[in-house]
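Beneath this line is the structure, given in structure tokens, with notes to follow.
In what follows, chains are A, B, ... by sequence order, proteins preceding strands, each numbered from 1. It should be emphasised that the depicted structure is a prediction, and the values quoted were computed from it without experimental measurement.
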Amino acid sequence: MRETVKLGIRLMLFALVAALMLAVVNGVTADPIAKNENRKMNASLVAVLGDYLFEPLEGDLTGYDKITAVYAAKDDAGATVGYAYELSADGYGGEIKLSAGVRDGAVTGVSVSSHTETKGLGTSAQDTFLAAFQGIAANPDAAFGVDAMSGATVSSNAIRSAVSQALQHANEVLGMAGAGGGTTPPVETAPATEPETDATTGATTEAAATAETEAAEEPAADATTAATAATGAAGVKEG
Amino acid sequence: MDWQKLRAAFTNGIIQENPTFRLVLGMCPTLAITYQASNGIGMGLATTFVLVFSNLVISLLRKAIPEKIRIPAFVIIIATFVSIVEMVMHAYFPALYDTLGVFISLIVVNCIIFARAESFAFKNPPLVSIMDGLGMGIGFTLAITLLSCVRELLGSGTVFGTSFMPEWFEPMAIAVQPAGGFILLGSTLAVVTGLIARSQRKKEAAK
């Protein structure tokens, strides 16, 4: 009996030391593991925006029937660098699920995760069509400036209107002003804006709205401006 | 501690007592993951890490572990190191973690590690035990990497993801499936055993 207790206590000591070691390793690895899992879960978002951490944004999505989820993309330092959208569009043959990324006042990418459109029709043009969204200014009208896939007008329109709605949301709710709009430089509002501080950026958004028509005509130039400004800002941050 | 003994403990696991080809231990992970060369290396290195550290710790504690509870004590020590490997791999090598999956946790029940703990580390001082673990681990790594290269080459026409086969080569899907694993394990085992036997005969003839 006494021996059993003695052995039990010794075994407990071994287990205790083992548990301590595991606690230390867990403390070190928990964060990278969470990041990896997050990246795996949000592979479609990584594809359109880049390798960031995606945190779901809570918020009212009434009026945005095509948006299923909004995510804030955070870099390793925890700063918001852009927004990613999960969208659902009514295509010709049913629901089209897609994701879109917005950063620095420009669209970073659009990709389709699932669809039930007619096979062959338009699917070959899909890559070119989706790639055409890349770099357009993040204002809702610009999405319609992308040429439709011939023979797949309904699918094209569905995707264009879904992307357009995402951009509208980015501008109006998240206050990510279209590039080159208003008195405030876009970069200052875009990446740094937290969803809670919308009141301050309301003015910017309005200004951006007036500038939209101009922006739509010169999307490429605007995107470049934003990119240049962003690089400048990044440089300042590093310094 | 003389070098001779350390070297003997190290080389023992690589050739004379190669865990896969000579002792035929650890067949479960061997068959399950060797369809891809990178898996072989990853699994081999993970097992080597666990072997070295479990051997070291068990050897250090061999006087503190009572005979009666040595098995549960080994299990705790081995499981701890396996968990460490699993967490580190999950954190820093996510792709490898995804392909090896549950077989990382199953290193706990890999009989090579248990066999070395029971038959070597529990009876020998730390330094030799480390060398034994290292030798066994490298022997295991070499063996399963060789096997997985053969399986990947036949089953997918590639080795470490690089194509090595001529255009006309049609990959044999069976080689990457479990059934093909058995067949190729048997064949590789036969070839390696044959080679070792031949070199031994030569040595004897030279004497």
Side-chain angles (χ1 to χ4, degrees), chain A residues 1-56 71 73-78 81 84 99 101 111 113-114, chain B residues 42 45-46 49-102 104-105 107-109 113-114 117-118 121-122 126 129:
Chain A
M1 185 59 203
R2 262 189 73 189
E3 203 203 346
T4 318
V5 174
K6 252 181 162 173
L7 291 179
I9 289 173
R10 183 149 314 182
L11 210 50
M12 199 180 78
L13 273 175
F14 289 142
L16 202 69
V17 175
L20 277 174
M21 282 175 66
L22 288 178
V24 171
V25 177
N26 182 51
V28 175
T29 55
D31 205 38
I33 288 176
K35 282 183 183 171
N36 284 338
E37 286 303 302
N38 187 314
R39 272 166 198 162
K40 205 161 67 185
M41 297 281 289
N42 301 313
S44 62
L45 304 179
V46 170
V48 293
L49 193 60
D51 196 4
Y52 298 107
L53 278 181
F54 291 95
E55 279 177 16
Y71 297 86
K74 310 231 164 166
D75 61 15
D76 283 340
V81 291
S99 30
S111 92
S113 46
S114 81
Chain B
L45 292 181
F49 173 85
V50 176
L51 252 171
V52 168
F53 281 92
S54 72
N55 263 12
L56 169 67
V57 171
I58 288 167
S59 170
L60 284 171
L61 294 174
R62 70 190 187 282
K63 295 204 174 83
I65 300 172
E67 186 83 13
K68 279 184 181 163
I69 54 159
R70 67 181 196 287
I71 302 292
F74 292 170
V75 173
I76 292 174
I77 292 164
I78 295 169
T80 306
F81 286 112
V82 171
S83 306
I84 290 174
V85 166
E86 190 180 5
M87 287 191 275
V88 168
M89 203 182 266
H90 196 172
Y92 304 107
F93 305 96
L96 191 62
Y97 178 84
D98 284 344
T99 48
L100 293 181
V102 73
I104 303 168
S105 327
I107 296 177
V108 176
V109 288
I113 296 165
F114 223 88
E118 172 82 4
F122 200 53
S129 297

Exercise. Any donor-acceptor pair under 3.5 Å linking the side chain of Asn36(A) with the backbone of Pro94(B)?
Worked result: no
Exercise. Quick one: what part of Asp31(A) sits under 4.5 Å from any heavy atom of chain B, side chain, backbone, both or neither?
Worked result: neither
Exercise. Relative to chain A, which segment of Tyr97(B) carries a heavy atom at a distance below 4.5 Å: side chain, backbone, both, or neither?
Worked result: neither
For this session: For residues Ala64(B) and Phe14(A), report the shortest heavy-atom separation together with the two atoms involved.
Result: O-CZ, 4.1 Å
Exercise. Hey, what do you get for CZ (Arg10(A)) to CD1 (Ile69(B)), rounding to the nearest 0.5 Å?
Worked result: 7.0 Å
Seminar exercise, completed: Taking every heavy atom of Ile33(A) against every heavy atom of Met87(B), the minimum-distance pair comes out as CD1-O, 3.6 Å
Problem set entry | Residue-level interface, residues 71-79 of chain B with chain A, non-hydrogen cut-off under 4.5 Å | Pro72(B), Ala73(B), Ile76(B)
Exercise. Does atom CZ of Phe114(B) have more than 12 heavy-atom neighbours, drawn from other residues, nucleotides or ligands, at distances under 6.0 Å?
Worked result: yes
For this session: Rounded to the nearest 0.5 Å, what's the gap from CD on Glu86(B) to CG on Leu22(A)? Could you check?
Result: 10.5 Å
For this session: Check each atom of Val28(A) against the heavy atoms of chain B and say whether the ones under 4.5 Å are side chain, backbone, both or neither.
Result: both
Exercise. For Leu7(A) and Lys68(B), what are the C-alpha separation, side-chain angles and deciding distance, and is it a side-chain contact (heavy atoms from CB on, under 4.5 Å)?
Worked result: CA-CA 8 Å; Leu7(A) 291 179; Lys68(B) 279 184 181 163; 4.0 Å; yes
